Number of protein chains: 2
Amino acid sequence: MNTSIATFIKEKRKQLKLTQPELAEKAGVGIRFVRELEQGKQSVRLDKVNQLLDLFGSELGVIQKTN
Amino acid sequence: MNTSIATFIKEKRKQLKLTQPELAEKAGVGIRFVRELEQGKQSVRLDKVNQLLDLFGSELGVIQKTN
DNA sequence: CATTTTTATACCCATTAGGGTACAAAAATA
DNA sequence: TATTTTTGTACCCTAATGGGTATAAAAATG
């Protein structure tokens with residue numbers, strides 16, 4: 001799968017038929033954050049990402065690099 | 001295992017017999033960052049964490065919550 | 001196509017992450 | 001126990017994240 005964080009959130013959000021503002025509110029983060037994250041911004045805060053992932057029963061963890 | 005990011009880095013660092021300052025330099029981050037991360041600080045930047053994990057051939061990814 | 005909805009970009013601004021450095025505390029070692 | 005090494009805490013400072021909001025662009029819908 002090698003799903004990036006960005007695409008994972010985007011796909012999960014669409015599965016739930018939520019818009020970015022709706023997801024942002026549910027997670028308690030800003031709209032801009034959701035957008036930047038879905039666009040692959042790397043310099044985001046870990047706790048904010050986890051706030052979003054929590055809605056999907058997931059979180060950030062260490063995985064093996066697939067190089 | 002449910003290894004947290006903090007303990008993962010700490011253990012990998014010790015496997016390589018590196019001090020925190022040495023690891024920080026290798027990864028190109030600050031010493032304070034390594035310390036705060038190993039102590040479980042959540043509000044860290046994703047890209048900085050990946051700079052460290054890269055030394056161990058790993059990275060941050062989405063995992064299922066073990067709740 | 002026209003209209004509505006959704007997403008992306010641009011601006012301002014407060015908060016804070018993270019760098020450095022110095023010193024204290026703890027751990028390891030002789 | 002004394003000494004050295006490693007780790008933790010405290011302070012200052014700059015850069016940038018993330019929030020809001022307004023507007024433009026793109027996508028979806030009738």
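Note on naming: letters A, B, ... go to the chains in the order of the sequence lines (proteins, then strands), and numbering restarts at 1 for each one. Computed from a predicted model, the values in this text were never measured in an experiment. No hydrogens, no waters, no symmetry mates; every other heavy atom, side chains included, goes into these values.
A straight line from CG of A/Leu52 to P of D/dG18 spans 11 Å, rounded to a whole angstrom. Protein atom CZ of A/Arg32 is 10 Å distant from nucleotide atom C1' of C/dA10, rounded to whole Å. Look at NZ on A/Lys41: it is 12 Å from P on C/dT9, rounded to the nearest Å. Distance A/Ile31 CD1 to C/dT9 P: 15 Å, rounded to the nearest Å. If you take CD of B/Glu38 and P of C/dA26, they are 18 Å apart, rounded to a whole angstrom. Separating the CG atom of B/Asp47 from the P atom of D/dA15 is a distance of 17 Å, rounded to the nearest angstrom. Between B/Leu46 atom CG and D/dT17 atom P there is a gap of 12 Å when expressed in whole angstrom units. Put simply, CG on A/Leu23 is 14 Å from C1' on C/dT7, counting in whole angstrom units.
Side chain of B/Gln51 to backbone of B/Ala27: a donor-acceptor contact under 3.5 angstrom is found. Between the side chain of A/Glu11 and the backbone N or O of A/Ile9 there is no donor-acceptor pair closer than 3.5 Å.
For the OP1/OP2 pair of D/dG19 and a distance below 4.0 Å, the side-chain nitrogens and oxygens of A/Lys48 include at least one atom meeting the criterion. Regarding contacts with the backbone of D/dT17, a side-chain N or O of A/Ser43 is found under 4.0 angstrom from either OP1 or OP2. Neither OP1 nor OP2 of C/dA10 sits under 4.0 Å from any side-chain N or O of A/Arg35.
Nucleic acid contact class of A/Gln39 (heavy atoms, under 4.0 Å, all strands): sugar-phosphate only.
Atoms CD and OG, on A/Gln64 and B/Ser58 in that order, are 6.0 Å from each other to the nearest 0.5 Å. Summarising the geometry, atom NZ belonging to A/Lys17 is positioned 12.0 Å from atom CD belonging to A/Glu22; distances are rounded to the nearest 0.5 Å. Rounding to the nearest 0.5 Å places CG of A/Leu37 at 6.5 Å from CG of A/Leu52.
The terminal axes of the helix from C/dC1-D/dG30 to C/dA30-D/dT1, fitted over 5 pairs per end, subtend an angle of 70° to the nearest 10°.
Between the side chain of B/Arg45 and the base of C/dG18, no donor-acceptor pair under 3.5 Å is found.
Looking at heavy atoms from C-beta onward, B/Leu46 lies in side-chain contact with A/Ile5 at the 4.5 angstrom threshold.
Checking each of B/Lys12, B/Arg13, B/Arg32 against B/Glu38 for a salt bridge (Lys or Arg N to Asp or Glu O under 4.0 Å) leaves exactly one that passes, namely B/Arg13.
Residue order along DNA chain C, read from the 5' end via each residue's closest nucleotide, puts A/Lys14 first among A/Lys14 and B/Val29.
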